[in-house]
Amino acid sequence: MVIVSNLFDRFGGVRPMAAALIERRSSVQSSKTAGRIPSTKQPEVLKKARELSIQISALAAVFPLNGLSDVPRLTDLPPPYGEVDCHQRSVLQREGGA
């Protein structure tokens with residue numbers, strides 16, 4: 001059994017990840033070296049991982065070098081974690097509160 005140690009390995013390495021994201025290899029390598037993916041790129045990484053059936057969590061996009069061997073599948077998480085609406089306004093915003 002092979003244990004994949006980080007997000008970049010889940011994509012098959014820097015080159016395959018760069019190709020999947022249509023990014024320069026140097027940009028992906030810089031992210032790996034820095035140990036973080038820019039916040040503007042994180043949604044794209046999550047979307048591409050889903051398209052490629054790569055099991056990752058949003059936490060893996062934020063902390064890409066952490067071990068991923070124990071990442072739960074999204075369907076295994078209890079509500080409300082299974083479904084997240086990032087554009088949902090809070091109750092206060094809907095009711096004209098603070």
Side-chain angles (χ1 to χ4, degrees):
M1 176 183 204
V2 175
I3 296 177
V4 179
S5 62
N6 63 56
L7 175 65
F8 303 95
D9 291 343
R10 285 277 170 118
F11 274 87
V14 171
R15 286 181 186 216
M17 186 173 183
L21 297 172
I22 311 172
E23 290 284 336
R24 294 186 327 246
R25 287 189 314 266
S26 61
S27 296
V28 176
Q29 182 62 51
S30 294
S31 294
K32 185 175 182 178
T33 300
R36 66 177 210 77
I37 295 172
S39 59
T40 56
K41 298 289 183 187
Q42 292 170 3
E44 182 182 344
V45 170
L46 291 169
K47 180 181 175 187
K48 185 53 74 172
R50 179 175 286 166
E51 288 173 10
L52 298 173
S53 299
I54 298 172
Q55 290 287 331
I56 64 168
S57 66
L59 190 62
V62 176
F63 302 106
L65 296 181
N66 284 356
L68 298 172
S69 60
D70 60 346
V71 172
R73 290 178 296 164
L74 191 58
T75 55
D76 293 340
L77 298 174
Y81 305 109
E83 295 183 23
V84 176
D85 182 2
C86 297
H87 301 289
Q88 184 178 8
R89 296 183 336 173
S90 72
V91 172
L92 292 175
Q93 289 172 324
R94 287 191 300 263
E95 296 175 1

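Below, each value reflects all heavy atoms present in this structure, side chains not excepted, and no hydrogens, waters or symmetry copies.
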Worksheet item: Roughly how far apart are Leu21 CG and Leu52 CG, rounded to 0.5 Å?
Response: 8.5 Å
Worksheet item: Tell me, which pairs form a salt bridge (charged side-chain N to carboxylate O under 4.0 Å, His left out) where one or both residues lie in residues 15-31, sequence neighbours left out?
Response: Glu23-Lys41
Discussion item. If the condition is side-chain contact (heavy atoms from CB on, under 4.5 Å), which residues does Lys47 pass it with, not counting sequence neighbours?
Written reply: Glu51
Worksheet entry | By side chain to side chain donor-acceptor pair (under 3.5 Å) - contacts of Glu44 (at least two apart) | none
Worksheet item: Taking all atoms of both residues into account, what is the closest heavy-atom pair of Asn6 and Leu65, and its distance?
Response: CB-CA, 3.8 Å
Discussion item. Please find the pair of heavy atoms, one from Pro16 and one from Phe11, that lie closest to each other, and give the distance.
Written reply: CB-O, 3.3 Å
Worksheet item: Can you list every salt bridge (charged side-chain N to carboxylate O under 4.0 Å, His left out) pair that touches residues 52-65, not counting sequence neighbours?
Response: none
Worksheet item: Excluding sequence neighbours, so at least two apart, what forms side-chain contact (heavy atoms from CB on, under 4.5 Å) with Leu59?
Response: Ser57, Phe63
Practice prompt. Could you grab the distance from atom CZ of Arg36 to atom OG of Ser30, nearest 0.5 Å is fine?
Written response: 11.0 Å
Item to complete: Kindly write out the residues that satisfy side chain to side chain donor-acceptor pair (under 3.5 Å) with Thr33, not counting sequence neighbours, or none if the list is empty.
Response: Gln29
Worksheet entry | For Pro64 against Gly35, the heavy-atom pair lying closest together | CD-O, 3.5 Å
Response to the item:
Those residues at least two apart in sequence (or on a different chain) that pass side-chain contact (heavy atoms from CB on, under 4.5 Å) with Leu46 are Ile56, Ala58, Ala61
Worksheet item: Can you find a heavy atom in the side chain of Met17 that is under 4.5 Å from one in the side chain of Arg10?
Response: no
